[in-house]
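A quick write-up on the structure given underneath.
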Amino acid sequence: MTIARTPAPAKVLRTEYQKSVASYWNEEKDPVNLRLGDVDGLYHHHYGVGEVDWSVLEGPEETRDERIIAEMHRLETAQADVLLDHLGDVKPDDWLLDAGCGRGGSSIMANARFGCHVDGISISEKQVEFANHQADIRGVGDKVRYHFRNMLDTGFETGLRKAIWNNESTMYVDLHELFAEHARQLEFGGRYVTITGCYNDVTGGRSKAVAQIDQHYTCNIHPRSEYFKAMTANGLVPISVVDLTADTIPYWELRTKSSVATGVEKPFLDAYREGSFHYLLIAADRI
């Protein structure tokens with residue numbers, strides 16, 4: 001099967017908010033993303049999960065930060081592996097979509113694991129340019145390509161994607177619009193996976209800490225319940241929900257001790273510990 005890489009819709013950025021988000025990521029050169037990616041050339045735009053090797057704090061002081069950076073990168077790569085574990089039975093001739101791909105690390109990992117075709121999309125032209133360069137450097141540009149497109153209207157074909165994922169990018173869009181577009185592109189029985197932060201409906205509206213996270217990233221964190229409502233309304237049936245909250249806290253604790261801390265670490269840790277914010281993986285099948 002061949003999927004043509006169709007021209008992008010004429011207008012990718014359709015609202016002032018989308019333009020502001022695109023501007024933010026076009027200008028972003030945060031060391032917490034770049035220095036971690038420099039470790040092995042896999043550049044992520046998400047957080048980490050798993051137990052920390054706290055021995056990185058020991059040893060020579062002059063190389064302490066380098067060890068912390070490498071450990072943080074190991075944890076963020078482990079997070080991407082957790083997401084890929086839930087994509088199902090992907091074959092080399094399958095086509096996947098990385099919606100909100102950032103600088104492209106997860107797409108490259110998916111191709112390395114499955115041998116499949118992956119298209120990544122972002123509303124940041126700078127991210128797309130960077131990610132395509134990385135794919136070319138690795139010699140996988142024939143199977144992994146990145147595009148300046150809007151995840152709410154990709155312009156890609158209907159019903160031909162084996163799997164689609166969002167990794168910490170759903171908080172920038174309306175979930176009903178997003179899942180309608182994903183459902184359109186997925187084949188029958190195709191898999192959708194997201195890892196996302198969402199606020200806890202049980203504790204009420206956004207806590208102060210969650211509001212601080214929104215402000216930091218120019219995003220709009222959704223309540224947990226909205227994910228399931230929007231999936232159900234668009235033919236996506238959850239088959240697995242994994243609470244990764246406890247698994248991501250060690251990453252944030254380590255990050256507070258690094259040179260790439262941005263100041264948003266305290267709101268994340270406060271929100272997780274008080275229970276107003278959850279870090280979830282949700283996998284759903286297209287019916």
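As the structure is a computational prediction, the values presented were derived from the model and not from experiment.
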- Among Asp98, Thr196, Leu178, Leu175, side chain to side chain contact (heavy atoms under 4.5 Å, CB included) partner for Asn166: Leu178
- Query: With a 4.5 Å heavy-atom cut-off, do Gln185 and Thr158 have their side chains touching?
  - Reply: no
- Please confirm whether Tyr192 and Trp165 have ring centers closer than 6.0 angstrom. no
- Message: Checking Tyr17 against Asn220: is there a side-chain donor and acceptor pair closer than 3.5 Å?
- Response: no
- Task: Give the C-alpha distance, both sets of side-chain angles, the deciding distance and a yes or no for salt bridge (charged side-chain N to carboxylate O under 4.0 Å, His left out) between Asp94 and Arg191.
- Result: CA-CA 12 Å; Asp94 287 330; Arg191 176 67 51 80; over 6 Å; no
- Side-chain donor or acceptor of Asp201 paired with backbone N/O of Pro223 under 3.5 Å: no
- Item | Side chains of His44 and Leu36 in contact at under 4.5 Å (non-hydrogen atoms) | no
- Query: Do the side chain of Thr248 and the main chain of Val49 share a donor and acceptor less than 3.5 angstrom apart?
  - Reply: no
- Query: Can Gln79 and His46 be counted as having a side-chain donor-acceptor contact under 3.5 angstrom?
  - Reply: yes
- Message: If you count heavy atoms of other groups shown closer than 6.0 angstrom to NE2 of His176, is the number above 12?
- Response: yes
- Message: So does Val56 get a backbone contact from the side chain of Arg67, meaning a donor-acceptor N/O pair under 3.5 Å?
- Response: yes
- Message: Looking at Glu187 and Arg286, is there a salt bridge between them, counting it only when a charged N and a carboxylate O are closer than 4.0 Å?
- Response: no
- Message: Tell me every residue that passes side-chain hydrogen bond (donor to acceptor under 3.5 Å, both in side chains) with Arg113, counting only those two or more places apart in sequence or in another chain.
- Response: Asp81, Asp85
- Evaluation steps, side-chain contact (heavy atoms from CB on, under 4.5 Å), between Ile164 and Leu96: CA-CA 6 Å; Ile164 297 174; Leu96 277 53; over 6 Å; no
- Task: Dump the intermediate steps for salt bridge (charged side-chain N to carboxylate O under 4.0 Å, His left out) on Arg103 and Glu28, then the final yes or no.
- Result: CA-CA 11 Å; Arg103 289 186 171 93; Glu28 181 269 340; 2.9 Å; yes
- Item | Note: Lys91-Asp89 ion pair, threshold 4.0 Å (strictly below) | yes
- Item | Verdict with supporting geometry, Arg35 and Ser259, side-chain hydrogen bond (donor to acceptor under 3.5 Å, both in side chains) | CA-CA 10 Å; Arg35 279 196 62 197; Ser259 64; 2.9 Å; yes
- Message: Atom CD of residue position Glu274 - does it have more than 12 heavy atoms of other residues, nucleotides or ligands inside 6.0 Å?
- Response: yes
- Item | Sub-4.5 Å side-chain heavy-atom contact between Arg224 and Asn200 | yes
- Non-hydrogen side-chain atoms of Phe148 and Ile121 separated by less than 4.5 Å: no
- Taking NZ, NE, NH1 and NH2 as the nitrogens, is one of them in Arg184 or Asp153 under 4.0 Å from a carboxylate oxygen of the other? no
- Query: Do you know which two heavy atoms are closest between Ile123 and Ala22, and how far apart they sit?
  - Reply: O-CB, 3.2 Å
- Side-chain (Ser23) to main-chain (Lys19) donor-acceptor, under 3.5 angstrom: no
- Side-chain touch Met72/Ser258, heavy atoms, less than 4.5 angstrom: yes
- Query: Among side-chain atoms of Asn26 and Ser124, is any donor-acceptor pair under 3.5 angstrom?
  - Reply: yes
- Phe130 ring center near Tyr146 ring center (under 6.0 Å): no
- Message: Using modelled atom types and a 3.5 Å cut-off, is there a donor and acceptor pairing between side-chain atoms of Asp270 and backbone atoms of Ala209?
- Response: no
- In terms of heavy-atom contacts, Pro267 and Gln212 come closest through CG-OE1, 3.4 Å
- Query: Taking all non-hydrogen atoms of both residues, which atom of Ala99 and which atom of His182 are closest, and how far apart?
  - Reply: CB-CE1, 3.7 Å
- Report the distance from atom OG1 of Thr77 to atom CG of Asp40, rounding to the nearest 0.5 Å. 5.5 Å
- Query: Looking only at atom types and distance, does a side-chain atom of Gln215 sit under 3.5 Å from a main-chain N or O of Ile213, one as donor and one as acceptor?
  - Reply: no
- Closest heavy-atom pair and its distance - Val118, Ala110: CG2-CB, 4.1 Å
- Query: Hey, are Glu76 and Arg255 close enough for a salt bridge, meaning a charged N less than 4.0 Å from a carboxylate O?
  - Reply: no
- Task: Assess the side chains of Ser107 and Arg145: does a donor N or O sit below 3.5 Å from an acceptor N or O?
- Result: no
- Hey, does Ile282 have a side-chain heavy atom less than 4.5 Å from the side chain of Phe228? yes
- Item | Closest contact, heavy atoms only, Gly155 versus Glu181 | N-OE2, 4.2 Å
- Taking the six-membered ring for Trp and the single ring otherwise, decide whether the centroids of Tyr272 and Phe277 are under 6.0 Å apart. yes
- Message: Please determine whether side-chain contact (heavy atoms from CB on, under 4.5 Å) holds for the pair Tyr251 and Leu254, giving the CA-CA distance in whole Å, both sets of side-chain angles, and the decisive distance to 0.1 Å.
- Response: CA-CA 5 Å; Tyr251 161 87; Leu254 179 63; 5.9 Å; no
- Is there a donor-acceptor contact under 3.5 Å linking the side chains of Asn150 and Arg14? no
- Query: Taking the side chain from Asp119 and the backbone from Leu97, do they hold a donor-acceptor pair closer than 3.5 Å?
  - Reply: no
- Please confirm whether the backbone N or O of Tyr199 pairs with a side-chain atom of His222, one donor and one acceptor, at under 3.5 Å? no
- Message: Taking CD in Glu51 as the centre, count heavy atoms belonging to other residues, nucleotides or ligands within less than 6.0 Å. Is the count above 12?
- Response: no
- For this output row, return yes or no: ring centroids of Phe156 and His147 closer than 6.0 angstrom. yes
- Could you tell me whether the side chain of Asn234 and the main chain of Phe179 form a donor-acceptor pair under 3.5 Å? no
- Query: How about Tyr24 and Tyr217: are their ring centroids closer than 6.0 Å?
  - Reply: no
- Message: Taking the side chain as everything from C-beta on, heavy atoms only, tell me whether Lys126 gets closer than 4.5 Å to Glu27.
- Response: no
- Is atom CD of Glu253 surrounded by more than 12 heavy atoms (other residues, nucleotides or ligands) closer than 6.0 Å? yes
- Glu71 side chain vs Asp53 backbone, donor-acceptor pair below 3.5 Å: yes
- Message: Measuring only between side-chain heavy atoms, which start at C-beta, is His86 closer than 4.5 Å to Ser240?
- Response: yes
